[in-house]
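Below you'll find the structure, written out as structure tokens, and then a few comments.
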2 protein chains.
Amino acid sequence: MGTPAETPHRIVMTPAARRALDAAARLFYERGIHAVGVDLIAAEAGVTKKTLYDRFGSKEQIVVEYLADRDERWREFLARHLDAAGPDPRARVLAVFDATGAWAADLSPKGCSMVNAHAEISDPAHPAHPVITGQKRWMLDLFTRLAEDIAPDRAGALARTLMLLHEGALVAHGLGIFPDAAASAREQARALLA
Amino acid sequence: MGTPAETPHRIVMTPAARRALDAAARLFYERGIHAVGVDLIAAEAGVTKKTLYDRFGSKEQIVVEYLADRDERWREFLARHLDAAGPDPRARVLAVFDATGAWAADLSPKGCSMVNAHAEISDPAHPAHPVITGQKRWMLDLFTRLAEDIAPDRAGALARTLMLLHEGALVAHGLGIFPDAAASAREQARALLA
DNA sequence: AGTCGAGTATACCGATCTGTATAGTGGACT
DNA sequence: AGTCCACTATACAGATCGGTATACTCGACT
């Protein structure tokens, strides 16, 4: 559980590789994975395609690194919010929704990158697949552990409801149906814990 | 509000056009919009590209018809469930989640087609954009009208919570994180209405 | 008989796709 | 001095992209 992704990073992050991955992450998220070619990534990063393929080997692997890297950052971001919330499990649940609200406002105007990537990946054998499902499973496990400390008799159902509110908030935020979806989810979570 | 989509259908649905749209719908949903080319759509439908472009004019328009058509079918599917539920607003809310569960199990193994399409469309000026946001806004309006009949003093918050549960259930179902997400959402909705 | 709409078949356009090849630069470490 | 590594530059391969063109068949309606 220390490593964020099921498939750990295999790529040596040389300076050019880092620039390429940052450019790819921005382009993939903003325009979609299939809509972005490797030539564009190379041009935006100020890197040649030769270097791209020397470091990553394939576009598929760039996609995997993109998602695994974003997953890693999210878990670190969330860990900081959980640490600041203290030991009370109710406060920690609310801290998750606070973290999601801040993350969505800053970095996810188009919704969850994992969900969006999943929409473009049809093959279940794609190496990015375990990264996507791994993060969601990890989030459900987190809610389950917190729910067990709050209401052991209904921990499973409570965790699933929190998960639905959490995913719903990310989608609603991405589509812009109503403002501050994370705050609505947090408020409903607070009511559930009372 | 009688017409499902903001942009009504302009395409005359000749037999070949119908076959092409059905093939496009299946391919777009399974593999993603950008991953499917017009040559493949034509081949799968047993239609020539000439016919495709005579009927639809552009791939972009095929995408719009795909989403508008699916939206139309969903609203008809939902209307049948609402009619069967009778006049009680609480029963009607639960009927929405029942319809979503049945729809997801049959036709949406990969989650909401609107959300998935939105992930691939970056340009807000894309003609498919109002179709996507239109459906979600319509769903929120539906929940709001039902919530006003149930708890007028907290209708807005209740409707938003139902919307979060609904969208969360579709995402959770699509990612397969836990089984029968629609049933979990329905159960939580039932608790909220008590 | 003549016309028209719908559809088929096939070839083509320029652009872009992922991925590879060859050749060379510059710095760090031994 | 020699070796390695990260990187740049450029050209290319083979396939596929969205979209267009020409020429044809067939059935329904007038």
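The sequence lines fix the lettering, A, B, ..., with proteins before strands; numbering per chain opens at 1.
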Indicate, with a heavy-atom threshold strictly under 4.0 Å, whether [X] touches base, sugar-phosphate, or nothing.
X       : result
A:Val36 : sugar-phosphate
B:Asp54 : nothing
A:Thr14 : sugar-phosphate

Salt-bridged, [X] to [Y], with N to O below 4.0 Å?
X        : Y        : value
B:Glu30  : B:Arg26  : yes
B:Asp88  : B:Arg92  : no
B:Arg145 : B:Asp141 : no
A:Glu187 : A:Arg190 : yes

Figure out the [atom1]/[atom2] separation between [X] and [N], and round it to whole Å.
X       : N      : atom1 : atom2 : value
B:His34 : C:dC17 : NE2   : P     : 11 Å
A:Tyr53 : D:dC7  : OH    : C1'   : 17 Å
A:Glu60 : C:dG19 : CD    : P     : 8 Å
A:Phe56 : D:dA6  : CZ    : P     : 13 Å
B:Ile41 : D:dC17 : CD1   : P     : 10 Å
A:Met13 : D:dC7  : CE    : C1'   : 16 Å
B:Asp39 : C:dC17 : CG    : C1'   : 14 Å
A:Lys59 : C:dT20 : NZ    : P     : 15 Å

So do A:Arg160 and B:Gln188 actually touch side chain to side chain, heavy atoms under 4.5 Å?
->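 Sidechains of A:Arg160 and B:Gln188: no contact.
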
According to a strict under-4.0 Å criterion, is B:Thr51 in side-chain N/O contact with OP1 or OP2 of C:dT8?
->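 So the side-chain polar atoms of B:Thr51 do come within 4.0 Å of the phosphate oxygens OP1 or OP2 of C:dT8, strictly under.
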
Is the base of C:dG7 touched by the side chain of B:Lys50 through a donor-acceptor pair closer than 3.5 angstrom?
->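 No pair found.
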
From the options D:dC17, D:dC7, C:dG19, select the nucleotide whose nearest atom is closest to the side chain of A:Arg19.
->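 Closest nucleotide among those given: D:dC7.
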
